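Reading through the structure tokens given below for one structure.
The structure displayed is predicted, hence computed values, not measured ones. In what follows, chains carry the letters A, B, and so on, assigned in the order in which the sequence lines appear, proteins first and then strands, with residues in each chain numbered from 1.
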Amino acid sequence: MSHSIHRRDFLAVAAGLLAAPVLSACSSSGGQSAAQQASASPKSGGTLRAAFPGGGAAETLDFLNGPTALDYVRARAMHGALGAIDPGAPDGVRYGVLERIDISDDLSSYTLKVRRGVKFTDGSALTARDVLYSLNAPVTLGSLPFLKPPSQNFDLAKARVEDDLTLVLPTKRPIADGRLILCQSTLVFKDGTTAFTAGMPTCGPFKLTEFQPGQGAAFVRHDEYYGLALGGGPYVDGLELRSIADATARVNALTGGQADFAADIGPVASRTLAANGRFAVETSELPYATSLSFGLNLAHAPFRDVRVRRAFKLAVDREAIVKTVLFGHGFVGNDLPSLGFPDYAKEIEQRPYDPGQARSLLRDAGADGMKITLTTGSEVAGLAETSTLYAENLKAIGVDVTLDQRPPGRLFADEGYFKLPFAASFSPPTPPLSQYESTRTAGAPSAFGFDRPDIDELVAKARGARDAGERREAAVRAQRLMWEEGNQVIPVFVPSINGQAKTLGGVRYEPFASFSEARLV
Amino acid sequence: MTRRALFAALCAGVIVLIALAGPLLTDRSPTAQAGNALLAPSPEHPLGTDVVGRDVLARVLHGGLAVVALSAGATVLAGAAGLALGVLTGLAGRRTGELAVRAVDVLGVVPPLLVMLLLATGFPAGDLAVLVAVALVSLPFSVRVVRAATQQVAGSGFVDIARARGDGQWRILRHDIVPNILRPVLAETGLRLSASIHLTATAGFLGLGAGAPAPNWGRMVGENAVGFALTPWPFLAPALLLVVFAVSVNLLADELGRALGVRS
Amino acid sequence: MSELARVSGLVIGPASGGAPTVDGVGFTLDSGEVLGLMGRSGSGKTTTALTLLGHIRPGLRLREGSVRVAGLDPFAPADVRRLRGRVVSFLGQDPAAALNPARRIGGQIREAVRLRAASAGPDQVDRLLDAVRLPAGRDFLRRFPHQISGGQARRVAFAIALAGAPELLILDEPTAGLDTVLARETRDLLRELAEGRGVVLVSHDEHLVRALAADRVLVLDAGRPVSAPPRAARVTPSPPPGPPSEGPAALRAERLSAAHDRRPVLREVSLAVGRGECVAVVGPSGSGKTTLARCLVGLHRPAGGEISLEGTRLAPDVRRRTPDQRRAVQLVAQDSMGALNPRETVTAALTRPLRARGLPRTRVPGLVAELLGRVHLPASLADRRPPALSGGERQRVNLARALACAPRVLVCDEVTSALDAEIGEAVLGLLDELRRDLGLGVVLITHDLAAVARSASRVLVVHEGEIVERGPTASVLSGPRHHVTRMLVEHAADQGFGAPAP
Amino acid sequence: MRWVAFLARRIAGAAAVLAILSGLIFAATEALPGDAAGVLAGADASAAERAQLRADLELDRPPLERYGDWIAGAVAGDLGVSLVGRRDVDAVLFDRLPNSLLLTALALGAAVPAAIALGLAAGLREGRPADRMVSSAALVLVSLPEFLTVTLLIAVFGTWLGLLPEVSLTPLGGRPWDTPQAMVLPVLSLAVVGLAVMTRLVRSSVAEAAASPYAEAARLAGVRGVRLALRHILPNALGPVVQVFAVMFGGLLGGAVVVETIFNYPGVGFELQQAVANRDVPMVQGLALALAALALAVLLLGDIVGTLVNPRLRSAP
């Protein structure tokens with residue numbers, strides 16, 4: 001019952017696609033479930049039923065415009081993907097329908113090689129033209145902003161199709177991390193597609209047989225899927241993705257035997273479920289965790305003093321939040337985004353919980369007893385609760401804080417959000433540098449007044465440098481500056497917490513569950 | 001006063017007392033984290049801790065005020081507006097009155113929860129939205145009862161005589177109409193109050209209204225339902241208080257109606 | 001004759017304890033015999049009669065005594081089934097209200113026949129309808145109670161009561177509240193239907209008891225049987241009213257017409273009343289009398305005609321009249337209870353008009369006491385509210401409140417019809433006194449010629465909104481020309497009032 | 001002829017109310033701060049992206065103009081396209097409405113006979129133990145907020161006894177009635193709420209009718225038991241109740257929001273709640289208007305049936 005109406009996983013999830021890695025035959029990352037390891041034979045069959053937070057009638061096959069978790073999970077089951085971000089892979093990405101991406105030495109041109117033998121459900125083969133059309137679709141067909149980075153970084157108008165399997169993309173300016181951008185979330189479909197329908201040709205692991213917005217979708221295995229030839233899944237004969245908005249209802253569907261898998265059940269329900277022997281709780285591993293963050297708006301006078309910003313960072317008891325709000329299912333943050341990604345500066349020491357120093361910093365800045373309103377919402381699991389605890393932490397160092405928890409769905413609906421002095425937010429798992437450029441550079445509203453040309457320059461340098469050592473050094477320097485002087489407090493990272501029947505194995509978490517390798521025992 | 005009424009008044013009184021004086025009975029903060037989440041009751045935390053690890057007893061003691069104040073406030077608001085509108089439309093000419101009542105009835109057609117959803121999300125966040133929404137939902141009932149009572153009294157002999165004698169509208173209102181419609185209006189107000197408690201609690205449950213850390217029995221029930229299987233107290237304690245409050249107010253309204261000779 | 005019913009040592013009181021409402025009543029009734037049960041309201045008549053059906057009103061309890069009807073005990077569940085509707089039938093004060101508003105007439109009668117008649121032949125319904133003189137047509141039987149007249153509804157109720165051919169009929173105030181014409185009709189019908197049956201007639205109306213030829217009369221007073229029937233106070237005609245005063249009439253209405261929702265109820269009615277004079281307006285129910293009263297005081301806007309006060313034309317709407325004009329014409333209504341604000345004490349009710357006249361606060365208590373004295377009410381009633389007053393007392397308070405306005409004309413609309421005869425008599429006496437002492441003009445609206453006989457100098461007879469006869473009281477009563485007038489006079493004669501000697 | 005005039009008058013009245021309501025609904029949804037563009041864009045979108053999104057969704061046109069378009073479309077049966085997911089609002093409505101109607105109708109279907117039976121049993125025994133029991137139970141149930149009733153029902157029948165599914169998952173491509181067992185708890189949850197209210201109503205109406213002169217006359221004439229209850233008292237007690245049943249239907253239809261959400265039941269209330277959270281203005285407007293129209297239609301029906309049941313009104317509407 002619980003947060004029936006709070007549970008708006010809505011955009012949380014939508015934006016989470018930025019980094020949603022696409023399945024590939026040989027995985028090296030993602031959580032390996034106990035069940036997966038226990039089961040030796042990959043033979044399976046059967047129909048897998050999985051429950052996800054949906055969006056009611058708003059759900060659509062047009063994943064370019066359908067921003068619920070389910071819309072993307074469904075699209076990913078149907079459509080092939082260019083690849084997936086994979087920090088463990090040599091290129092930082094695993095390739096899907098692509099064989100490889102070659103970068104010119106001057107970082108100004110990317111050559112995409114399409115995998116041979118990728119077939120659509122209508123029997124036709126995937127070509128470079130289809131890939132180019134798919135990359136362009138967010139602009140030509142219209143899409144939500146988070147799908148547009150490829151078109152923002154590459155000059156698609158000047159792209160060349162060399163042959164059926166080769167596509168050359170010039171960059172708008174030299175970048176080194178173009179593979180990440182291309183593979184972040186691009187799904188491929190046929191050249192000339194204008195409408196997304198149940199009958200359209202697709203080249204993903206499953207073939208859609210039934211779609212009911214707000215209720216779910218049914219699939220059968222796509223027998224021509226290129227992954228099968230590479231020795232991978234899918235192993236199940238059928239897949240049902242059910243839309244269940246309420247987290248408790250998803251858990252109920254799982255415990256009641258109506259589903260084999262319940263996505264995103266939240267920390268509390270996971271504890272309840274863990275007590276039940278028939279079910280397992282699985283969480284995604286780093287870097288697939290959502291950061292919970294708090295923006296200190298520099299338009300608000302006290303926050304212009306770096307001591308106040310530092311005091312706000314020292315005041316938060318990160319361990320306590322992980323322990324009590326997330327029941328241990330979480331990662332302590334270090335006020336930097338993108339924990340777990342290769343470009344993340346893990347050499348920067350963990351900031352301690354030091355209310356004493358925070359208090360004295362505040363006093364030095366003449367800001368003790370300052371009045372502030374912390375605006376938050378319940379857009380993702382744990383956000384409201386984390387805000388609650390953070391507010392208490394701040395009270396403890398002498399900040400007169402008022403918590404304003406917006407009703408569900410209201411946090412970002414308001415144009416005034418970016419004018420708030422102190423507001424909660426979250427970020428899906430995203431590589432740090434491109435994320436910084438799109439959201440933190442001077443003038444971006446979500447920067448909350450953060451305007452540091454020196455850091456902007458460092459980030460640009462890190463993205464554009466040909467030498468890896470040089471790139472790393474610039475990236476770490478930029479992050480250290482943000483760590484010391486930035487206006488973002490990131491106390492924790494929350495993984496996706498899912499429940500599943502013990503009969504189910506092979507589910508991978510990246511950050512959403514993918515079932516292309518799943519088996520029912 | 002019947003035994004039932006006495007019992008109901010006692011229960012309602014205790015609940016109101018808890019709501020008003022509760023904050024004085026504990027020195028624990030209702031918002032501070034007091035331990036791990038969802039701890040079972042212990043001497044330290046007689047009702048355990050909630051999903052965020054806050055002391056449930058402290059939250060229960062602090063959380064009644066919102067429910068009691070909001071439901072009573074909405075009832076008073078709707079009652080006052082209903083009295084004014086009901087008397088005016090009751091005394092107005094037939095056509096004007098009908099028209100005014102139709103206009104108010106428009107509100108009654110819309111399911112209460114829809115009004116709540118629209119208003120509570122539309123207004124600047126906060127309890128004011130809930131207050132206004134609950135009052136608005138109550139208004140049509142209030143107007144109808146007052147209007148019917150007013151019409152009945154306005155048609156009675158003593159009003160005719162006062163009018164024939166030349167008493168002014170105000171004098172008639174004050175001496176003849178208002179004192180004689182108080183019974184049904186009072187009985188109706190009791191029923192409205194219980195309905196308001198119901199709606200206010202539902203608003204809390206749905207997370208509408210003022211910010212989350214502020215304890216509110218309805219919201220506590222919503223927040224903690226998910227942990228019901230681990231420890232039921234964070235859910236049950238506010239739920240029980242809500243139910244006892246609503247039942248006793250309903251019972252009181254019933255008894256009041258009976259005592260005043262008004263059928264519900 | 002065999003014994004049909006025996007009641008002995010009956011004691012009935014509130015279930016919660018307290019003084020009994022029926023205390024030691026007993027009687028026997030042979031078949032075919034008529035017993036009159038008399039007494040004031042509240043004397044326990046109805047409660048006693050209902051025991052013959054084994055019924056005790058909620059809140060009361062049978063404490064002692066036994067009841068036998070045809071050898072059966074109505075309080076024994078097995079026996080009562082055989083008694084109700086078959087041996088004993090009950091007709092209440094308002095038999096029409098006993099009809100189920102949601103069911104058709106035919107269905108109700110047929111059900112009664114099917115359930116109770118010993119021989120339920122197909123023609124039994126027709127025979128019943130014939131007995132109560134109702135049409136037997138299908139069309140009539142398909143109607144609902146609200147679609148037939150009050151008189152017809154009463155007959156249907158009689159038919160249902162008679163369906164089981166009961167040996168004993170219990171009649172509870174069967175003519176109370178009826179106007180002259182209907183009361184007479186009902187009495188005639190009852191006389192016929194009671195033929196050959198045992199009857200217990202509950203009434204405070206001596207004339208009805210006499211009309212049904214009661215073999216015996218049992219009089220109750222506060223639940224106890226008393227030996228002698230109380231004598232109805234003999235009406236002594238008042239001394240002939242003083243001669244009409246000279247000069248312009250205190251109140252005059254010229255060719256007054258009025259309508260309700262475009263349905264005309266008054267057609268060109270004219271009347272005038274002088275200072276100290278009493279003019280009576282008589283007519284059966286529904287003839288437009290009350291509308292006339294409301295027109296006179298300005299509460300009902302006439303469709304035509306005009307009203308003047310001592311020569312000055314009055315606005316039709318009371319709100320347009322001057323405060324002085326409003327006070328000059330005061331209405332006293334039939335429903336003494338409804339005319340008083342139940343939340344106001346007597347003092348408060350009298351204070352309001354006094355204060356409205358602008359009298360200083362200090363003088364008010366004295367004036368209230370004076371007014372109470374004027375209408376012969378003890379000062380001890382001053383703090384009571386209307387429900388704590390008797391009907392007569394309330395009507396006096398109403399009069400006193402009207403007097404508080406220092407009126408010149410009183411319009412009295414059926415002021416005595418809801419009162420017991422004696423008390424009504426006293427109220428009329430008070431009116432005469434006020435007329436004499438204060439020079440008040442009185443328009444006495446009534447259906448009761450007895451009242452007219454004693455007070456009015458002139459009579460107007462209204463029928464269906466029109467004046468059908470007018471003239472000095474004596475001549476109208478002694479030589480009625482219109483048939484309505486004749487009926488009213490006959491009724492008055494039944495009641496024991498002859499036309500005053502010329 | 002009188003009936004034609006009567007119907008015409010009532011329908012015209014309902015239409016006028018609906019017109020006022022459409023304005024109110026539009027104004028209320030317009031007043032929602034923020035818009036779907038903000039929700040869709042998320043926290044990290046730039047100002048230009050937001051503006052583009054607003055233009056794409058036509059949110060930058062003047063409200064009056066959009067109201068005009070909306071009403072014109074609604075009259076023609078076109079409720080527009082949702083902002084999120086780009087679905088035809090009327091398609092969603094017609095897909096979900098049967099489910100909600102079924103849920104509400106079943107709940108009423110369960111509650112009405114039970115309420116009449118219980119109300120009759122209690123009303124005829126006013127003040128006696130049976131009445132006190134029924135009245136007290138109804139009083140407690142009426143005071144229980146829906147969310148508590150539902151929680152308790154799920155806890156008992158779902159979690160503890162394991163008899164019934166706790167979620168209403170309908171087979172894909174099917175309708176809720178394809179899995180009747182999944183409908184039991186939602187129907188029960190909704191029925192309990194209505195049952196308590198209606199039982200109280202029937203009880204007091206019956207008690208009133210039972211104390212009426214015609215009921216006493218029937219009793220004194222020897223009519224007893226079932227015949228007295230069903231033939232004499234109930235017909236008179238039912239009239240005022242019918243119209244309240246109609247109001248209840250509208251209330252239940254809207255009140256199903258909580259129940260539908262908890263059980264993930266694919267109804268209009270569930271979609272409405274989702275749409276409100278998404279700031280999907282056309283969807284909110286369309287669904288709210290449809291719910292209001294439906295509630296009005298049922299009220300109208302109740303009005304007509306109430307008139308039919310009452311012979312006094314029937315003959316002279």
Side-chain angles (χ1 to χ4, degrees), chain B residues 1-5 83 86-88 90-98 146 148-189 255-263, chain C residues 261 290 293-300 315 317-345 348-357 385-387 394-395 397-399 401-407 410-411 413-414 418:
Chain B
M1 214 181 210
T2 65
R3 273 220 303 275
R4 270 155 75 97
L83 191 63
V87 167
L88 283 181
L91 292 180
R94 211 170 61 188
R95 201 152 294 172
T96 331
E98 280 287 314
V146 175
T150 302
Q151 282 176 326
Q152 198 184 354
V153 175
S156 59
F158 57 91
V159 173
D160 267 355
I161 298 228
R163 210 168 265 155
R165 194 169 60 209
D167 276 9
Q169 195 75 273
W170 267 116
R171 192 183 287 267
I172 291 176
L173 216 60
R174 206 166 58 109
H175 290 281
D176 294 325
I177 308 266
V178 172
N180 284 296
I181 61 173
L182 278 185
R183 280 161 177 253
V185 169
L186 218 62
E188 211 273 340
T189 304
E255 294 290 322
L256 186 71
R258 213 187 306 261
L260 293 177
V262 183
R263 277 190 184 276
Chain C
D261 295 328
T290 295
R294 293 175 63 83
C295 284
L296 291 178
V297 296
L299 285 172
H300 188 104
D317 188 329
V318 69
R319 282 171 292 191
R320 297 284 165 92
R321 296 182 184 174
T322 67
D324 192 53
Q325 288 170 339
R326 288 184 199 133
R327 283 196 290 270
V329 187
Q330 285 297 308
L331 175 70
V332 184
Q334 168 179 14
D335 177 11
S336 64
M337 188 68 179
L340 289 171
N341 183 340
R343 316 295 293 178
E344 271 181 347
T345 61
L350 298 183
T351 302
R352 270 174 66 188
L354 291 173
R355 293 283 297 147
R357 273 165 67 189
R385 290 196 166 77
R394 281 197 298 262
Q395 208 53 293
V397 173
N398 276 326
L399 271 172
R401 185 180 56 184
L403 294 177
C405 295
L410 281 184
V411 178
D413 183 12
E414 302 270 20

Legend entry - Segment of C:Arg294 engaging chain B (4.5 angstrom heavy-atom cut-off): side chain
Legend entry - For B:Arg4, all residues meeting side chain to side chain donor-acceptor pair (under 3.5 Å), sequence neighbours excluded: B:Glu255
Legend entry - Interatomic distance, B:Ile161 atom CD1 to C:Asn341 atom CG [nearest 0.5 angstrom]: 12.0 Å
Inset, instruction - Output all residues satisfying side chain to side chain donor-acceptor pair (under 3.5 Å) with C:Arg321, sequence neighbours left out; order by chain, then residue number. - result: none
Inset, instruction - Could you grab the distance from atom CZ of B:Arg163 to atom CG of C:Asp317, nearest 0.5 Å is fine? - result: 10.0 Å
Legend entry - Pair listing, salt bridge (charged side-chain N to carboxylate O under 4.0 Å, His left out) test, anchored in residues 324-334 of chain C, at least two apart: C:Asp324-C:Arg408
Inset, instruction - Sort by residue number and list every member of residues 148-158 of chain B having a non-hydrogen atom under 4.5 Å from chain C. - result: B:Ser156, B:Gly157, B:Phe158
Inset, instruction - Determine yes or no for a side-chain-to-main-chain donor-acceptor pair under 3.5 angstrom, with B:Asp160 supplying the side chain and C:Leu299 the backbone. - result: no
Legend entry - Residue C:Arg355 excluded, over 12 heavy atoms near CZ under 6.0 Å: yes
Inset, instruction - Tell me, for C:Pro342 versus chain B, whether the close heavy atoms (under 4.5 Å) come from the side chain, the backbone, both or neither. - result: both
Inset, instruction - First locate atom CZ of C:Arg343, then atom CD1 of B:Ile181, and finally report the distance between them rounded to the nearest 0.5 Å. - result: 11.5 Å
